[in-house]
Each structure stands twice: as C-alpha cells, then as structure tokens.
Amino acid sequence: MISLPLTSPISPNRSLLHQTRRPFSNRRRFWIRSSSSLQDQGTAKTPPKRVVLVRHGQSTWNEEGRIQGSSDFSVLTNKGESQADISRQMLSGDSFDVCFTSPLKRSKKTAEIIWGSRDSEMVFNYELREIDLYSFQGLLKKEGKEKFGEAFREWQEDPANFSIDGHYPVRELWSRARSCWPGILAHESKSVLVVAHNAINQALVATAIGLGTEYFRSLLQSNCGVSVLDFTPRADGGSPHVCLNRLNQTPNSPLSGGSSGGRKASKRIILVCHGQGDNEDSAVINQAATNDQPMNMLGVIQSQKIAELLLDLRVSSIVCSPDTASIGTAGAISRVQEAAGCLGVDSVPRYLKTKQMNELNVESVLDKSNKDNDVIASIQPGWLSQLDEEAVSALWNRSGKAWESLLDELSDEESNPGDTMVVVGPPIAHISLIAQCLNLTKEGLGLFHLDAGSISVIDFPDGPSRKGVIRCTNYTAHLGRWCIPITRPA
C-alpha cells in the first residue's frame with residue numbers, strides 16, 4: 001500500500017459528477033480536548049496499529065428524523081442498545097488497549113456497552129463529538145427545509161461549501177478530525193477502539209486516507225457500523241502506510257435497504273470477490289492470483305455463502321471476469337437466483353443476464369510485471385510498490401475502462417432494467433473499481449484491502465451518471481465460521 005500525507009486530499013482524475021454494557025467504576029477514564037498536529041505525528045515512530053471506528057447505535061433523534069449535530073439531548077433507543085450489543089459480540093475477540101469516545105450520551109453509552117467488562121482505559125475526547133450544525137440542531141429535517149430554504153438545499157447538495165451562522169460545518173469537521181489523529185496514533189497500543197458519530201467517523205476515515213471535504217457523504221457510516229484502518233510504519237520513518245481494511249460492517253446485512261447519504265439509492269453495484277482459488281494459502285489470501293486457478297473447497301463454500309446473501313435481493317445482471325474462479329462464483333449466484341421460486345423466496349421467475357468483461361481480468365497485467373508476483377499477490381503493506389510503473393498504469397487504465405462500461409450498462413434501462421448489478425472478479429480488480437468510483441489516481445490503489453469471498457456495495461442515489469456512495473467494503477459476515485475477523489484475535 002502507499003503512503004500519503006494525512007493532511008492533503010488525493011487529486012481527482014475526473015469530474016466528481018461522473019462517476020458499531022455497562023460502566024465500571026474501576027475503569028480509568030480521561031478527558032482530552034485537543035491534540036498536536038498531524039505533521040508532528042508523521043515523523044513519530046509508532047508500532048503497527050489497527051484503529052476500529054464504530055458509530056453509535058440508533059438514537060431517539062435518529063428515530064424521529066431530527067437533526068442532532070453536536071447537541072446532547074438524544075439517547076440510545078432499545079434498538080440502538082441492541083445494535084451496540086451486537087457490535088460488542090463482533091468485537092469481543094479483540095484485545096483493545098484503549099477506547100477513545102465522544103462524551104455525548106449516545107456515543108458514550110454505545111462505547112460502554114461495547115467495552116463491557118474491560119479494565120483498560122476509556123478516553124473521552126470532546127473533539128470526537130458530532131459535526132456542529134448550529135441553528136439546524138434540533139430541527140426535524142422537514143422543518144429545516146421550511147425554515148432555512150436555500151441553506152438547507154446547500155447542506156443537502158453541496159455540504160463542503162455549506163455555511164450557517166457564519167460557520168462552514170464540514171470544513172470545521174475535517175480540521176477537527178485531523179486534530180484527533182495524532183493523539184489516537186501516539187497511544188502505545190496495537191489495537192484502538194474509537195466510538196463516535198456519523199459525520200466525524202466519515203471525516204476520520206477520509207482524513208486518514210487523504211480525502212478532502214468533497215467526500216463528505218461518500219463513505220457511509222450506519223448506526224453501529226464498524227470501519228477498520230491499519231497504520232503500518234515505513235522504514236524511512238515517514239508517515240505510515242494507511243489502509244482501509246473495511247468500511248461500515250453493520251449489525252445487519254448491508255443489502256437490507258436504508259438510505260445513502262440521506263437518500264434512497266436508485267441504482268446499485270455489488271462488487272463480489274470470487275471464492276478462494278486453488279493452491280492459495282488460506283493464511284495469506286491473494287489480492288490477485290497470477291495464474292488462472294479454480295476455486296478450492298473453501299472458495300466453493302464462499303461462493304455459496306455469497307449466493308445465499310444475495311438471494312433476498314433481486315439481481316438484474318451479473319458481470320464477471322473471465323477467470324475460472326470468477327466464472328464459478330458468478331455461476332453459483334446465478335443458479336441460486338434462478339432457483340428463488342423453488343426456494344420459497346420469490347413467486348416471480350428470475351432470469352439473469354450474465355456476461356464476461358475482459359477488463360476485469362488483471363492476470364495478464366500482473367504477468368507482465370517484472371517484479372516478484374508472489375510478493376505482489378500477498379496482502380502486505382506496500383504491495384503496490386511491488387508492481388512496476390508500467391503494470392500499475394496498465395491496471396489503472398484497464399479498470400477505468402471497466403468502470404465506465406459498468407456505469408454505461410447500469411444506466412441502460414433496456415439492457416439492464418433492474419436496479420442491482422453484481423460484478424464478480426478478483427480483489428485487486430475491485431480495489432481498482434472502488435478507487436475509480438472515488439475519482440482517485442492510480443496511487444490510491446494501495447489505500448484499500450479486500451478479502452476473497454467479500455462483498456462491497458456502491459449506491460447511486462442520483463443515478464449512475466453522478467457520484468457513487470460507498471455503502472460498505474470488504475463485508476465478510478455472511479461467510480459465517482469462515483468470515484474474516486474484524487479485528488486481530490486476542
């Protein structure tokens with residue numbers, strides 16, 4: 001993966017328009033309000049660190065559709081407490097050394113439920129509070145629209161430039177998120193839990209991987225959604241390699257509806273990483289196999305689990321890479337979809353259009369690289385640097401063509417009349433598509449990690465001709481006993 005300055009966004013390569021129980025009195029608690037700069041952190045020597053971000057559970061104001069901002073009047077609903085308890089179970093195997101949390105009641109309660117009986121410290125950091133929305137706070141969304149009109153429209157359509165009461169809330173939020181990172185990364189720990197809010201968690205993810213305010217609402221954070229960032233020191237002592245290991249793994253299925261950035265998605269692409277290939281080391285899942293391998297038994301199980309997850313979703317089309325593992329995974333999905341009737345899921349017959357797309361096949365690109373393909377394929381910090389420049393450019397250009405073709409097909413109501421397209425391919429192909437969706441440059445390929453058998457979901461609230469919203473990446477909970485743990489084992 002690559003190393004990027006945490007304080008500056010990646011330059012876009014095209015227009016943005018196309019495109020997670022109780023308090024314990026013996027626990028140590030601390031309050032902090034500010035931190036040193038990110039530039040100071042960039043030169044500090046720190047051990048490899050995994051940071052797990054969790055948004056609070058559903059609150060009373062979430063349920064009412066009321067704008068919360070940094071106010072502290074709402075509390076967790078019963079559903080919100082249940083969500084937090086599911087997140088506690090998901091994270092129970094991790095030996096967290098510290099929990100940083102917003103002191104606002106909804107976040108604090110979520111953190112206490114997840115933290116359970118751990119004796120390690122909890123750090124209350126006011127900088128982790130939700131976005132400050134000033135006069136908007138406390139209003140129902142309908143009231144905000146009626147009272148503020150044009151300002152509310154700007155908040156919905158152009159939040160990066162939205163201003164109210166003499167403030168630019170999203171710009172202030174990004175600055176505050178940057179100020180949080182040095183204190184989090186300077187803590188002497190390998191595994192850190194951060195429990196906070198929707199917007200601040202978006203900003204924490206974005207500033208960690210170098211994205212600016214224009215990415216607000218592009219990286220979804222659902223109630224009790226779990227996101228994981230890995231920070232790996234570089235040999236030269238500079239800023240660490242940063243990798244988004246997964247985004248927004250939720251207590252419920254990521255396919256179960258809900259809005260994206262406050263709006264219902266009109267179209268959706270589901271990126272499915274094919275099942276594990278034959279001869280792949282299960283301890284080191286390859287980002288890309290450099291020869292065409294069939295799935296092994298684990299891969300077959302993974303593909304079946306994926307098909308079961310997608311069964312409750314009416315898939316309109318499947319596009320897959322021409323490699324053997326992708327074709328096998330696509331076939332499993334197709335067979336289960338078309339058997340929906342006899343499986344008692346759907347009374348209406350399902351007929352899927354399935355096609356292969358050569359641009360999703362990265363094997364030929366990697367075979368041309370003059371570097372060690374075994375190193376390239378493994379999930380290791382700096383894997384992108386193991387490809388020569390020509391191979392990186394070829395991979396990027398190929399993924400760009402694939403992304404444009406997928407968007408065109410998703411937009412074509414005649415050839416693709418449904419709302420959901422499933423794309424099956426190797427992890428590195430889907431990493432490339434995620435980077436293309438976010439308008440990154442080829443250097444952004446090292447920012448993401450995907451596992452075999454995972455799914456990632458991209459929603460298009462305004463249609464495929466406008467920018468996509470990343471609902472989740474590297475979701476593996478559907479794999480059951482074979483899922484990839486969210487955190488490191490204790």
Side-chain angles (χ1 to χ4, degrees), residues 1-7 20 35-54 90-100 118 120-121 123 125 177-178 180-195 201 204-211 226-247 249 281-287 372 374-387 427-428 431 443-451 454 473-474 476 483-490:
M1 67 195 70
I2 61 177
S3 174
L4 293 171
L6 299 184
T7 54
T20 127
S35 305
S36 56
S37 68
L38 279 171
Q39 289 90 337
D40 294 338
Q41 182 59 35
T43 58
K45 290 186 177 181
T46 58
K49 192 179 301 289
R50 172 161 286 191
V51 179
V52 178
L53 304 174
V54 186
M90 286 197 300
L91 300 172
S92 63
D94 193 275
S95 55
F96 289 113
D97 301 299
V98 63
C99 172
F100 290 88
R118 289 180 175 92
S120 301
E121 65 191 70
V123 180
N125 185 354
R178 291 189 186 103
C180 290
W181 276 120
I184 293 171
L185 297 180
H187 192 276
E188 296 181 356
S189 59
K190 291 185 177 181
S191 190
V192 177
L193 176 66
V194 177
V195 183
N201 281 10
L204 287 169
V205 172
T207 54
I209 62 176
L211 305 183
V226 177
S227 301
V228 179
L229 286 155
D230 287 326
F231 298 82
T232 305
R234 293 198 300 170
D236 61 9
S239 298
H241 295 285
V242 186
C243 180
L244 182 58
N245 180 278
R246 70 186 68 206
L247 177 77
Q249 179 140 319
D281 184 350
S282 61
V284 184
I285 305 297
N286 287 349
Q287 294 283 30
D372 184 347
D374 289 336
V375 176
I376 295 168
S378 64
I379 298 175
Q380 298 294 333
W383 67 268
L384 187 63
S385 65
Q386 301 303 315
L387 284 171
I428 199 169
I431 287 173
E443 289 77 18
L445 291 171
L447 292 174
F448 307 96
H449 173 96
L450 298 176
D451 290 295
S454 70
T473 65
N474 204 29
T476 65
C483 73
I484 310 300
I486 291 178
T487 58
R488 295 185 179 93

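- One distance of note links CG of Asp94 with OG of Ser92; it measures 9.5 Å at 0.5 Å rounding.
- The CD atom of Glu121 sits 8.5 Å away from atom OG of Ser189, with the distance rounded to the nearest 0.5 Å.
- Proximity of Ser227 to Leu247: side-chain heavy atoms (C-beta onward) are separated by under 4.5 Å at one or more points.
- By the side chain to side chain donor-acceptor pair (under 3.5 Å) test, Asn474 pairs with Asp451, Ser454, sequence neighbours left out.
- When every heavy atom of Cys243 is checked against every heavy atom of Phe448, the shortest pair comes out as SG-C, 3.7 Å.
- Taking both residues in full, the closest heavy atoms of Arg246 and Ile484 are given as NH2-O, 3.3 Å, listed atom of the first, atom of the second, then distance.
- In this structure, the separation between CG on Leu447 and CD1 on Ile431 is 10.0 Å, given to the nearest 0.5 Å.
- With values rounded to the nearest 0.5 angstrom, Leu450 atom CG is found 10.0 Å from Ile428 atom CD1.
- His449 places none of its side-chain heavy atoms less than 4.5 Å from the side chain of Asp230.
- Distance CD1/Ile184 to CG/Leu204: 5.5 Å, rounded to 0.5 Å.
- When all heavy atoms are compared, the tightest approach of His187 to Asp97 is CE1-O, 4.4 Å.
- Annotation for Ser191 and Ser95: closest pair CB-O, 4.1 Å, computed over non-hydrogen atoms.
- The side-chain contact (heavy atoms from CB on, under 4.5 Å) test with Phe100 singles out one residue from Leu193, Val195, Val192, and that residue is Val192.
- Residue Met90 comes nearest to Gln249 through the heavy atom pair CE-O, 4.2 Å, listed as atom of the first residue, atom of the second, then distance.
- Between Asn245 and Arg50 the shortest side-chain heavy-atom distance falls below 4.5 Å.
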